[in-house]
Number of protein chains: 2
Amino acid sequence: MDTKQILTFDLPDKVLTSLPTGAVKDTVEQLGKSIVQGVYETDAVLPREEELVEKLNVSRTVVREAVKVLCGKGLVRTARRYGSRVCPFESWNLLDPDVIRWHDPNSPRTARIYAEATDMRIIFEPEAAALAAKNASREQRDLIVAAAKGIDPKHGDAAMIGADYTFHATILQASGNLMLSQLQNIVYAVILFSYSAGRFAAPEEKVVQRLHVGVAEAIDNGEADLARKRMHDMLKANQAMAREFAAIAK
Amino acid sequence: MDTKQILTFDLPDKVLTSLPTGAVKDTVEQLGKSIVQGVYETDAVLPREEELVEKLNVSRTVVREAVKVLCGKGLVRTARRYGSRVCPFESWNLLDPDVIRWHDPNSPRTARIYAEATDMRIIFEPEAAALAAKNASREQRDLIVAAAKGIDPKHGDAAMIGADYTFHATILQASGNLMLSQLQNIVYAVILFSYSAGRFAAPEEKVVQRLHVGVAEAIDNGEADLARKRMHDMLKANQAMAREFAAIAK
DNA sequence: TTTTCAATATTTGTCGGACAATTACTGAAT
DNA sequence: ATTCAGTAATTGTCCGACAAATATTGAAAA
């Protein structure tokens, strides 16, 4: 693999939503986002099926199938004569790719989720890095190294985010654990959050790249303990910067 | 709280399934289990909607709503003229409570999932224990201690499983991180798997109880580092025993 | 006035049928 | 053997009707 050629990385066009394109998918997206972003508060009743039919210009069939999908993700609960109500926050499937994605990075309401997601990353990603150092394929090691080098401001924000995500997602995949691998949705959400509204530490971008390359090289060399430590230190530093930024923003 | 009174713990009757009781829920359960347990292999087409209508004795409306829910969990994918096909394993939402629960503990096919779930537990439960030592409320600390003491063979299998689950679930809740808390579904599945078919190490039950009590006391005393270490050692020991058992079974 | 209880209204749940849209499949023509 | 148009099969969407459950209401009773 020619790493010289791989300098930019696209964002995943479809981080996931298994529903096929169509009216149901659009309706799920719209209702899901509205709920997650707080348009309807906890225990609030959604508009009646009939009203949603008018508002969204779809048939009742579509509305019902969409609401059922949201039930399956723990967002709403329905009953006869009771309406469809928003479930309390704790019962949402926060690890569902869609539910994660629907959070609005710019809403102060979701700040808690991102803080907790960051804590999750600090727990899982160091171990994933250690596993990747042991289990990654040749191609995965190359990709991890190339992505780390691609985290460079000179490529623009989009390419930087893409490289950042590719780096972390590939490490999770290379761990060989499917559940661990699925946490890349959390990583993706946190990265988007970090970069949106200029939350990333602009002046220190070179430091960020250097830290990523350090982790990548440890993985590439199969040094599990070193990879674990470097990933941990990097995420901790990142968390500290984010907290500092949040404090200033207030 | 009188810990003397809390000696037995019930299993959670409803570990979760947000769908309300009714034909749709039953259909989701049946189809979901069939897929997860391997009745339909990857890329296999499900019976046509019309056939499912006959087989399950429900209307097409119900079948469609159920299939849509399964789409939302990444299990199936539908298209016109294409049928509803089982998605490849990697795209399943393995962290979804229902998807976890639908795995059959007695199927050799799902052994991999339980092995990976066990690896996951070793990663996040020690950290959860450390967080719980810092953040747990008085009631949670009492409950954790009581549950640990309740892991006693003299109460029978069901009560033992209940205490075991209560112990781990309460620790995750006490961590204060909602995402971490939702991983209790993984713990529940692994515990059921461990106990089913006599996989647990019967002669050493007292050791198991002692180890749990050790973790509980560390949490109760607010000793985060000690709690982390003890939880880690306990899970590692448990994993080693499980592997030994699996090797013998072959 | 408060409580109880039956009647009512409202909302989702389920059913059935019809047609649209997409695409895998078939068979003829090249 | 290949291409291509036609056909058939399957899910997608719409509609209308009624069933089931329950929140609400109002009257009767204490």
Side-chain angles (χ1 to χ4, degrees), chain A residues 14 17-32 34-35 40-88 91 98, chain B residues 14 17-32 34-35 40-88 91 98:
Chain A
K14 210 182 62 172
T17 194
S18 356
L19 299 167
T21 31
V24 174
K25 182 199 169 188
D26 295 340
T27 306
V28 170
E29 290 279 322
Q30 178 142 0
L31 288 177
S34 296
I35 292 168
Y40 306 106
E41 293 182 3
T42 296
D43 281 337
V45 291
L46 297 186
R48 296 196 321 270
E49 290 176 350
E50 191 184 330
E51 293 180 46
L52 290 175
V53 165
E54 289 179 20
K55 194 173 300 184
L56 303 175
N57 277 319
V58 290
S59 69
R60 192 181 164 218
T61 308
V62 170
V63 169
R64 284 187 54 76
E65 289 178 4
V67 170
K68 278 292 178 307
V69 171
L70 297 177
C71 286
K73 294 177 186 298
L75 293 181
V76 300
R77 157 168 161 258
T78 64
R80 287 179 168 104
R81 183 59 177 92
Y82 180 81
S84 302
R85 303 204 179 197
V86 177
C87 289
S91 62
D98 293 317
Chain B
K14 207 182 63 172
T17 195
S18 358
L19 299 167
T21 29
V24 174
K25 183 198 169 189
D26 294 341
T27 307
V28 170
E29 290 279 322
Q30 179 143 2
L31 288 177
S34 296
I35 293 168
Y40 307 106
E41 293 183 4
T42 295
D43 280 336
V45 292
L46 297 186
R48 296 196 321 271
E49 290 176 349
E50 191 185 329
E51 293 180 45
L52 290 175
V53 165
E54 289 179 20
K55 194 174 299 184
L56 304 175
N57 276 318
V58 290
S59 69
R60 192 182 164 218
T61 306
V62 170
V63 169
R64 284 187 53 77
E65 290 178 2
V67 170
K68 278 292 176 309
V69 171
L70 298 177
C71 285
K73 294 178 185 297
L75 294 180
V76 300
R77 164 172 155 254
T78 63
R80 287 179 167 104
R81 185 56 177 91
Y82 180 83
S84 302
R85 302 204 182 199
V86 177
C87 288
S91 62
D98 292 317

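Chain identifiers are assigned alphabetically (A, B, ...) following the order of the sequence lines, protein sequences preceding nucleic acid strands; residue numbering begins at 1 within each chain.
- When rounded to the nearest whole Å, the span between CZ of A:R64 and C1' of D:dT13 equals 15 Å.
- Using a 4.0 Å heavy-atom distance criterion, B:V67 is classed as making no nucleic acid contact.
- Both B:S84 and A:R85 lie near DNA chain D, and the one whose nearest nucleotide falls closer to the 5' end is B:S84.
- The base of D:dG16 does not come close enough to the side chain of A:R60 for any donor and acceptor atom to sit less than 3.5 Å apart.
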Please evaluate residues B:C71 and B:T78 with respect to the criterion side chain to side chain contact (heavy atoms under 4.5 Å, CB included), reporting the C-alpha separation (whole Å), side-chain torsions for both, the decisive distance (0.1 Å), and the verdict. CA-CA 8 Å; B:C71 285; B:T78 63; 4.0 Å; yes
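- Between the side chain of B:R81 and the base of D:dT10, no donor-acceptor pair under 3.5 Å is found.
- The phosphate of C:dC15 (OP1 or OP2) has a side-chain N or O of B:S59 nearer than 4.0 angstrom.
- Atom NZ of B:K68 sits about 7.5 Å away from atom OG of B:S84, to the nearest 0.5 Å.
- For the OP1/OP2 pair of C:dT11 and a distance below 4.0 Å, the side-chain nitrogens and oxygens of A:R48 include at least one atom meeting the criterion.
- Comparing B:P47 and A:V58 by the nucleotide of DNA chain D whose heavy atom lies nearest to each, the residue mapping closer to the 5' end is B:P47.
- Here the nucleotide nearest the side chain of B:E49, chosen from D:dT11, C:dT14, D:dC14, is D:dT11.
- One can place CG of B:L19 at 16 Å from P of C:dT12, the figure rounded to the nearest angstrom.
- The environment of A:E50 atom CD is sparse: at most 12 non-hydrogen atoms of other residues, nucleotides or ligands sit within 6.0 angstrom.
- Here D:dT11 presents its C1' atom at 15 Å from CD of B:E65, a figure rounded to the nearest Å.
- Side chain of B:A23, nearest nucleotide from C:dT14, C:dG13, D:dT13: C:dT14.
- Straight-line distance from the CG atom of A:L56 to the P atom of D:dG12: 19 Å, rounded to whole Å.
- One finds no side-chain N or O of A:K25 lying less than 4.0 angstrom from the OP1 or OP2 phosphate oxygen of D:dG12.
- By the 4.5 Å heavy-atom criterion applied to side chains, A:L52 and A:L31 are counted as neighbours.
- A close approach under 4.0 Å does not occur between any side-chain nitrogen or oxygen of A:K68 and OP1 or OP2 of C:dT12.
- Dense packing is recorded around CD of B:E51, with more than 12 heavy atoms of other residues, nucleotides or ligands lying under 6.0 Å away.
- Closest-nucleotide positions on DNA chain C for A:A79 and A:T61 were compared, and the one nearer the 5' end corresponds to A:A79.
- Taking atom CZ of A:R77 as the reference point, atom C1' of C:dT11 lies 14 Å away to the nearest angstrom.
- The separation between A:D26 atom CG and D:dG12 atom P is 14 Å, rounded to whole Å.
- Dashed line: the shortest gap from a side-chain N or O of A:R80 to OP1 or OP2 of D:dA19 is not under 4.0 Å.
- The separation between B:E50 atom CD and D:dT10 atom C1' is 10 Å, rounded to whole Å.
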